[in-house]
Peer 1: 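Here it is, the structure, as structure tokens.
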Amino acid sequence: MIKRNKKKTVWIIGSICFFTVALVMTVILISGGKDTENSETKVYCDIKTSKFLDFSTTDVITNSVNGYEIYQDESSIEELSEISESENHTVDEYNYQSVRVLNDEGYEELEKFIFYKKNEGERAWTVDIYNIIISDYEINDDMIIIYGCEDHSSESEFYGGRIIMVNINGEVLWDNTVHNGYEKNEDIKKILFDDDNIMVFSIGDDTELCISRYDKNGELLDIKKHEIGDYGICNAIKLGEGYLLHLVGFSDTEEMLVKINSDGTLAEGFTYESADVDYYINEIIEFNGNIVVSANAVISDSLAVDKIDFDLSDEECTRLVRDNYSALLLICNSQTGEPKEFYRVKGSQGADLSVEDGKLIWNVENIDYAYFLPHISSFTIREESWMYKYTFDESIKLENQEKIEKVLSCIH
């Protein structure tokens with residue numbers, strides 16, 4: 001899911017250095033031709049790094065960072081037809097679904113969630129979970145943690161966080177509802193397994209970041225709370241001895257990456273911005289001592305509703321989207337968050353990141369076809385795309401690219 005990132009001032013965490021990285025995406029070619037093996041061209045962009053201590057600027061440095069433009073062949077008519085006529089049948093081994101029933105007044109209401117495991121396309125087992133709205137689940141060896149919050153579909157402000165531990169045979173080992181002292185609500189947004197501990201990242205009373213540590217029996221070991229204001233948790237990853245959180249503002253969709261020490265205290269944070277580009281952070285990962293960010297770079301206001309002709313043809317719409325969207329892979333210093341190198345694919349969206357056999361995998365959605373659905377969310381560009389898989393070696397140098405599957409998604 002894409003999150004919009006507007007221009008913003010620096011938000012300082014605690015009383016230590018905070019870094020704002022402003023990416024000026026005026027990219028200048030410094031190499032004459034394409035790399036014939038990987039279809040890439042060397043480029044660079046100016047990066048302005050502002051350092052802050054106790055809300056006072058201590059230093060401002062502007063550097064040029066090397067990067068690579070990766071080129072993709074545009075799909076043929078036959079391939080585009082194949083996208084439209086095909087479906088993606090990939091199904092996770094584990095998944096969940098909600099069950100709704102009619103109440104006495106004739107309205108639908110949530111009854112339960114069913115979490116299940118599939119084996120060769122058939123359900124091997126199911127678990128019925130009541131009074132929960134599932135955020136996600138996490139798998140570690142022979143254990144599965146399902147998490148979220150209590151059902152508040154009746155719009156009640158009072159609800160707690162929910163954590164359920166299930167083994168690989170579908171047996172519920174324990175089931176916790178947690179409030180951690182909050183007066184109104186707590187919503188668990190991300191859980192990480194960390195050795196013998198379970199790290200829980202939640203939002204309490206809508207404005208506090210709550211970091212709690214449990215053992216594998218569900219017993220609370222430690223808790224830290226931090227006032228962060230109007231922000232939600234998109235993702236959390238292990239980073240060295242600590243953690244890295246991706247936070248997004250609810251009101252103005254600001255984004256930031258926040259480092260957390262191993263004891264749950266806040267370390268430092270950083271954001272990415274520029275004068276003419278909006279950023280969409282899709283996923284973060286730690287790889288060989290680097291922070292790697294899969295993101296999108298979109299020319300500011302290029303797809304603003306008030307600037308769009310709703311009579312655009314599909315061909316014109318596709319060109320408009322491709323001209324203004326770029327998938328971006330940022331390789332950043334794990335201590336400062338400053339980008340050291342980047343890869344960019346024009347006319348695409350950055351998707352998920354993973355590690356396979358010690359190599360970094362970056363999936364990118366190539367925007368092949370787009371059209372308007374103005375009656376949905378006032379303005380939506382719907383796209384049908386080929387997914388490209390980029391493989392990088394241990395030093396994050398591009399080794400291989402391949403077209404792997406067709407996807408259907410929406411750009412708002």
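All heavy atoms count here, side chains included; hydrogens, waters and symmetry mates do not.
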Peer 1: Taking ring pair (Phe, Tyr, Trp, His ring centres under 6.0 Å) as the test, write out the residues that go with Y147, two or more places apart.
Peer 2: none
Peer 1: Step by step, would you call N167 with I144 a side-chain contact (heavy atoms from CB on, under 4.5 Å)?
Peer 2: CA-CA 6 Å; N167 66 21; I144 306 157; over 6 Å; no
Peer 1: Looking at K238, I'd like to know if its NZ atom is crowded, meaning that more than 12 non-hydrogen atoms belonging to other residues, nucleotides or ligands lie closer than 6.0 Å.
Peer 2: yes
Peer 1: Applying ring pair (Phe, Tyr, Trp, His ring centres under 6.0 Å), name anything that partners Y182, two or more places apart in sequence or on another chain.
Peer 2: none
Peer 1: Does CD in E394 sit with more than 12 non-hydrogen atoms of other residues, nucleotides or ligands closer than 6.0 Å?
Peer 2: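 Atom CD in E394 is not crowded, with 12 or fewer foreign heavy atoms closer than 6.0 Å.
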Peer 1: How long is the gap from CD1 on I145 to CG on N140, to the nearest 0.5 Å?
Peer 2: 8.5 Å
Peer 1: I need the minimum non-hydrogen distance between G350 and W362, along with the two atoms involved.
Peer 2: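 Taking G350 first and W362 second, the nearest heavy atoms are CA-NE1, 4.0 Å.
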Peer 1: Are any non-hydrogen side-chain atoms of I188 and V178 less than 4.5 angstrom apart?
Peer 2: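 Heavy-atom side-chain distance check passes, below 4.5 Å.
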Peer 1: Would you call K224-D263 a salt bridge at under 4.0 Å N-O?
Peer 2: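 No, this pair does not count.
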Peer 1: Would you give the length of the straight line joining atom CG of L266 to atom CD of E227, rounded to the nearest 0.5 angstrom?
Peer 2: 11.0 Å
Peer 1: Taking the side chain from T265 and the backbone from N261, do they hold a donor-acceptor pair closer than 3.5 Å?
Peer 2: no
Peer 1: Knowing that exactly one of E122, E93, E171 qualifies, which makes a salt bridge (charged side-chain N to carboxylate O under 4.0 Å, His left out) with K117?
Peer 2: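 Filter result, single survivor: E93.
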Peer 1: Locate the shortest heavy-atom distance separating E341 from I396; write the atom from each residue and the value.
Peer 2: OE1-O, 4.2 Å
Peer 1: Is there a side-chain contact between F113 and V127 (heavy atoms, below 4.5 Å)?
Peer 2: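 Not touching, per the 4.5 Å side-chain cut-off.
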Peer 1: Would you call R162-D175 a salt bridge at under 4.0 Å N-O?
Peer 2: yes
Peer 1: Ignoring hydrogens and angles, state whether a donor on the side chain of S202 or E186 is under 3.5 Å from an acceptor on the partner side chain.
Peer 2: yes
Peer 1: Which heavy-atom pair separates N333 from I291 by the least distance, and what is that distance?
Peer 2: O-CD1, 4.0 Å
Peer 1: Is a salt bridge present between R319 and D323, judged by a nitrogen-to-oxygen distance below 4.0 Å?
Peer 2: yes
Peer 1: Is it the case that K340 and N290 place a side-chain donor and acceptor less than 3.5 Å from each other?
Peer 2: yes
Peer 1: Would you check if there is a donor-acceptor pair between the side chains of N363 and D352 at a distance under 3.5 Å?
Peer 2: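 Result is yes, a qualifying pair exists.
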Peer 1: Which pair of non-hydrogen atoms, one from I132 and one from L110, has the smallest distance, and what is that distance?
Peer 2: O-CD2, 3.5 Å
Peer 1: Using modelled atom types and a 3.5 Å cut-off, is there a donor and acceptor pairing between side-chain atoms of S348 and backbone atoms of A327?
Peer 2: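 No, the answer is negative, given that no donor and acceptor are paired below the 3.5 Å cut-off.
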Peer 1: Under 3.5 Å, is there a donor-acceptor pair between the D205 and T207 side chains?
Peer 2: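 No donor-acceptor contact under 3.5 Å links the two side chains.
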Peer 1: Does the side chain of N282 come within less than 4.5 Å of N296's, by heavy atoms?
Peer 2: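 In short, these two side chains touch, coming nearer than 4.5 Å.
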Peer 1: How many angstroms lie between atom CG of L245 and atom CD1 of I233, to the nearest 0.5 angstrom?
Peer 2: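 Interatomic distance, L245 CG to I233 CD1, rounded to 0.5 Å: 5.5 Å.
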Peer 1: Tell me whether the count of non-hydrogen atoms from other residues, nucleotides or ligands lying under 6.0 Å of CD in Q97 goes above 12.
Peer 2: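 Above 12, so yes.
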Peer 1: Ring-plane angle category for Y94 and F115, please: parallel below 30°, perpendicular beyond 60°, tilted otherwise.
Peer 2: parallel
Peer 1: Any side-chain to backbone donor/acceptor pair from S294 onto A351? Under 3.5 Å, distance only.
Peer 2: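 Answer holds: yes.
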Peer 1: With rounding to the nearest 0.5 angstrom, report the CG to NZ distance, L247 to K189.
Peer 2: 12.5 Å
Peer 1: Considering non-hydrogen atoms only, spot the tightest contact between G218 and N176 and give its length.
Peer 2: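 So the two residues come closest at O-ND2, 2.9 Å.
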Peer 1: The test is side-chain contact (heavy atoms from CB on, under 4.5 Å); show your working for I331 and F342 and say whether it passes.
Peer 2: CA-CA 6 Å; I331 299 101; F342 68 91; 5.5 Å; no
Peer 1: Using distance alone, with no hydrogens and no angle criterion, decide if H226 and E208 have a side-chain donor and acceptor under 3.5 Å apart.
Peer 2: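 No, because no side-chain N or O of H226 sits under 3.5 Å from a partner of the opposite role on E208.
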Peer 1: What distance do S354 atom OG and K359 atom NZ have between them, rounded to the nearest 0.5 Å?
Peer 2: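 Output value for this atom pair is 13.5 Å.
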Peer 1: Is the gap between the ring centers of Y343 and F392 under 6.0 Å?
Peer 2: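 When the ring centroids of Y343 and F392 are compared, they turn out to be within the sub-6.0 Å range.
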Peer 1: When rounded to the nearest 0.5 angstrom, what is the spacing between CD in E150 and CD1 in I133?
Peer 2: 10.0 Å
Peer 1: Look at the side chain of E315 and the backbone N and O of T318, then say whether any donor-acceptor pair between them is shorter than 3.5 Å.
Peer 2: no
Peer 1: Evaluate the criterion side-chain contact (heavy atoms from CB on, under 4.5 Å) for residue pair V293 and L257; output intermediate values, then yes/no.
Peer 2: CA-CA 10 Å; V293 180; L257 300 181; 4.1 Å; yes
Peer 1: For side-chain contact (heavy atoms from CB on, under 4.5 Å), just list the numbers for D215 and I198, CA-CA rounded to whole Å, side-chain angles, deciding distance to a tenth of an Å, and then say yes or no.
Peer 2: CA-CA 6 Å; D215 65 20; I198 298 167; over 6 Å; no
Peer 1: Flag the pair D206 and K184 as a salt bridge only when some basic side-chain nitrogen lies within less than 4.0 angstrom of an acidic carboxylate oxygen.
Peer 2: yes
Peer 1: Within the 4.5 Å heavy-atom criterion, are K346 and S326 side-chain neighbours or not?
Peer 2: yes
Peer 1: Which pair of non-hydrogen atoms, one from K259 and one from L244, has the smallest distance, and what is that distance?
Peer 2: CG-CD1, 3.7 Å
Peer 1: Evaluate the side chain to side chain donor-acceptor pair (under 3.5 Å) criterion for residues D195 and N197: first the C-alpha distance (whole Å), next the side-chain angles of each, then the deciding distance (0.1 Å), finally the verdict.
Peer 2: CA-CA 6 Å; D195 296 328; N197 296 322; over 6 Å; no
Peer 1: For the residue pair D151 and Y159, establish whether any side-chain heavy-atom pair is separated by less than 4.5 Å.
Peer 2: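 They are not in side-chain contact.
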Peer 1: Using modelled atom types and a 3.5 Å cut-off, is there a donor and acceptor pairing between side-chain atoms of R322 and backbone atoms of I367?
Peer 2: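 Looks like yes, one N/O pair under 3.5 Å.
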Peer 1: Give a yes-or-no answer on whether the side chains of Q401 and Y390 include a donor-acceptor pair shorter than 3.5 Å.
Peer 2: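 Yes, because at least one side-chain N or O of Q401 sits under 3.5 Å from a partner of the opposite role on Y390.
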Peer 1: Would a 4.5 Å heavy-atom cut-off, applied to side chains only, mark N235 and E283 as touching?
Peer 2: yes
Peer 1: Report yes if the side chains of Q349 and Y325 come closer than 4.5 Å at any heavy-atom pair, otherwise no.
Peer 2: yes
Peer 1: Should the pair F201 and Y243 be assigned to parallel (<30°), tilted (30 to 60°) or perpendicular (>60°) ring geometry?
Peer 2: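 Because their plane-to-plane angle is over 60°, the rings of F201 and Y243 count as perpendicular.
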Peer 1: Find out whether V200 and I163 are in side-chain contact, i.e. whether some heavy atom of one side chain is under 4.5 Å from a heavy atom of the other.
Peer 2: yes
Peer 1: For the pair E405 and K389, evaluate salt bridge (Lys or Arg N to Asp or Glu O under 4.0 Å) and give the outcome as yes or no after the intermediate values.
Peer 2: CA-CA 9 Å; E405 63 180 353; K389 175 181 177 181; over 6 Å; no
Peer 1: Pick out which of L330, I285, I284, I237 makes a side chain to side chain contact (heavy atoms under 4.5 Å, CB included) with V292.
Peer 2: I285
